[in-house]
Amino acid sequence: MAFLTREPPEGDDSWQPRVDVYKARDGWVIKVDVAGVKIEDVSIRVSGSNVEITGVRRDLTVDRGWNCYAMEIAYNRFRRTVELPCELESVELSSDYQEGMLLIHLLCEVNQR
Amino acid sequence: MTDLLQNLPVLPLRNSVVFPHVLMPLSVGRQISIAAVEAALATEEKEIVLVAQKNMSAELRTQDDLYTVGTKGIIKKLQRAEKRVVQLIVQGIDRVVLVKLERTQPYPLGRVRQFPTVEQSGPEVEALHRALLDLLGRAMAAAQPEGGGLDVSQLLGEAEDPWRLVYHLGSMLTLDIKREQALLEAPGLTDALRLMYDYLSYEVQVLELRKGITSKAQTEMNKQQREYYLRQQLKAIQQELGEQDPEQAETALLRERFSKADLPETAKKEIERELSRLERLPAMSPEHSMLRSYVELVLELPWHKASEDRIDIPFARQVLNEDHYDLEEIKERILEHLGVLKLNPEAKAPILCFVGPPGVGKTSLGQSIARALGRTFERMSLGGMHDEAELRGHRRTYIGAMPGRIIQAIRRAGVNNPVLMLDEVDKLGRDFRGDPAAALLEILDPAQNKEFRDNYLEIPFDLSRVFFITTANTLENTPPPLLDRMEILHLSGYSQEEKSEIARRYLIPRQVREAGLDDEKITITDEALQRVISSYTREAGVRQLERAIGRLTRKVALQFAEGKTELVTVSAESLIDLLGPERIQAQDTRENLPAGVAIGLAWTETGGDVLFIEATLLPDGKGLTLTGQLGEVMRESAQAAQSYIWSHADAWNIEADIFRNSGVHIHVPAGAIPKDGPSAGVTIACALVSMYTSSPVRPDTAMTGEISLRGRVLPVGGIKEKVLAARRAGCNRVILPKRNEQDLRDLPENIRQNMEFVLVERVEEALENALPHVSEELRAKIG
């Protein structure tokens, strides 16, 4: 029926950056695709086994006075939560921003399972 | 934050409302709208305010054209499909109130602030939330009767947050702008849930109703369509097998016959029309079979088909003589008609009417005529027919309508010039349904029957070539206009000699053959035959005679079946064994009639008969008593006779006192049979004189004749039958009116020679001849 055919929107009103998750010898690494986002606009929060990355992507070219012809890149606020298979209570967190990719290091005992 | 005012580009929406939390594709074509989108994209946040327009088709001029509450959204994607149309995907974020529309050009810019949502929570929200979820379950059941296909979990994922649920449903339901806007403007969660509950329950009702309608319509359709589909399948199977649909095949056959049939123009048109109707009608319809039988009738009728007349007078004469003994006059008349037909084939066929007692061969004469002419013979009995429609058919609008008997007979005959015999025309009935005799008038009128119109057929049929023959036992009950159209031929009864001859020539050979015998097994002596005719049968025709002979032959056949081998000769003496005692006591045994009895002759439908008229004096009685079921005419005739005798009493030596002092009773047996007619006048006069003078009438003399008051004897009808009856009764002397002399020519030669006829002009002559003693006395007196 007509009212069910429109695809229901997903999760949050914010956009979701894509992530890769790696297991390192000393803990976890999360790589987040946040190109064009200023590092100071990103915040990372850890609670339980979840890592939440939020932030804002601002349009860098707004000031150029160009007229937008097509748009696919999502702007404005984003939010991404990654769940890891371990407790992250006493984790040591460091981040690194390289070429538009944010690398988040989570140092902890890898007592997986 | 709540009261923070923001200036944002406004995208006026013409036919939708964008709800918060909802991702919405939009097409934008208006100049100001594209400008607004571009302005939004020129900001880092890509934010835009989506407000529905109150009037869908109007241009945006003032703030009043827009609703006050809208949605702040973020443009997620933009694509330019074609010139001047931009496709967007917008994510609704939050409700805003349009405080002021700052301007409309080059793009609408609005001052907005966040919508002041009223905080509502508690059990009511919970209850409404759950009720809405229930309803949603019903809606999905109704929408998806088979229960599959939809990913319900996606919706249920939203179900946790009432706001999201409400807004998603709002965007999914097909609501009009006003309702969507009302939902958007709902101040708190309870209000929003309530509204959505209303909308959804309406939607559920519609869905369930629709489901009901669809399923009902489906069952109704199924019944009709089932049969249709089955028929189609049958057709397909038959085609596959190389067979044709039987009905179609039949119709096709009719059409083929139609194309070959030789029909008149009017019939062609009619049949063309009916055939095309027939081809369209389904075979189950009752009209189908009706139409088919109609078309079949028309195609079968011999419109132009006629048997060829073989007019060969000598042959015809031979046929008539072979089939019938004597009947010279009739044969002559038939041959005359044949002669005319030979000279003028276009001549109207005559309409003959054979009148005569039963069993004299009227029907078989018709067959002979057909044989002589080489035409087909058809016969139908009109006896007891009382409905005009039986002759002329019923209109086709009636159920079970059929063509009339005439058309049916023609159809049976297969040619349009058969000899059509209408039997028993005098026994036509008539009642409120109409008078068949009136319909016969048209059928038998050569001037009208060229275009005979049967009610069923409706197409005029030419009956003018039909050779009509009617038969009747008497003409009394036949309507005069009908008689007027026919040529009446009288067949009178047969004499003993004629019967004997007929028996020898036709009846005995036929019965012998039917009993499985032959001439070597049975012979019937002349004496025996005479005895059978006179003592076992009494009729004008020969039916009883034939039956009696049939009984004889069967008895003999039984003997052969039981082992007899030698010839059986049926003699007069053996008749009692074979047929039982004699049925008819010969009436000539009255050696001497008592005074007051005279033998009269009567004509009946079954031939002639003798009447013993008895008169007796009633001393001290008065007047004239008449008994024996006498009709008015006969009573008057008796009165006339008495008056005449009374007035001429002197001439017969009757004392005048006797008339004054005594009454008279006249009785005519058999008392149960009605009798009428004037022809007993002479006989009554004789009986009276015989009574008054106490001298008996000669026992060998029978008499007939009407009398007038002046004593004249007037002619009467049925002479031949009467004479034959007298002969059967053993009276060899018959007194007849002089003016009936020419009728004697009809009598067979041997009768004329063996009987004495006294032709009289006056009553006196009759009395003289009937009462020998009286006349002697008178002669003596005069002398």
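All values below come from the heavy atoms of this structure, side chains included, with hydrogens, waters and symmetry mates left out. Numbered from 1 within each chain, the chains take letters A, B, ... in sequence-line order.
By number of non-hydrogen pairs under 4.5 angstrom with chain B, the leading residue of A:Arg58, A:Glu72, A:Met71 is A:Met71. For chain A, the option among B:Glu47, B:Glu38, B:Arg80 with the highest count of heavy-atom pairs below 4.5 Å is B:Arg80. Of the listed residues (B:Val37, B:Thr43, B:Ile89), the one with the most heavy-atom contacts under 4.5 Å to chain A is B:Thr43.
The main-chain N or O of B:Ala186 is found under 3.5 Å from a side-chain atom of B:Arg95 such that the two form a donor-acceptor pair.
Under the side-chain hydrogen bond (donor to acceptor under 3.5 Å, both in side chains) criterion, A:Gln98 pairs with A:Asp96, not counting sequence neighbours.
If you measure heavy-atom distances from B:Leu88 to chain A, you find no contacts under 4.5 Å at all. Heavy-atom distances place the backbone of A:Ile73, and not its side chain, under 4.5 Å from chain B. With a 4.5 angstrom heavy-atom cutoff, A:Arg57 touches chain B only via backbone atoms. For a residue to count as touching a neighbouring chain, one of its non-hydrogen atoms must lie under 4.5 Å from one of that chain's; by this rule B:Ile74 touches chain A with the side chain only.
The CD1 atom of A:Ile30 lies 10.5 Å from the CG atom of A:Leu103; values are rounded to the nearest 0.5 Å.
Cation-pi geometry between B:Arg103 and B:Tyr107 is met: under 6.0 angstrom from the ring centre, within 45 degrees of the axis. B:Tyr202 carries B:Arg179 over the face of its six-membered ring, with the cationic atom under 6.0 Å from the centre and within 45° of the normal.
No more than 12 heavy atoms of other residues, nucleotides or ligands lie within 6.0 Å of CD in B:Gln31, so this atom counts as exposed by the packing criterion.
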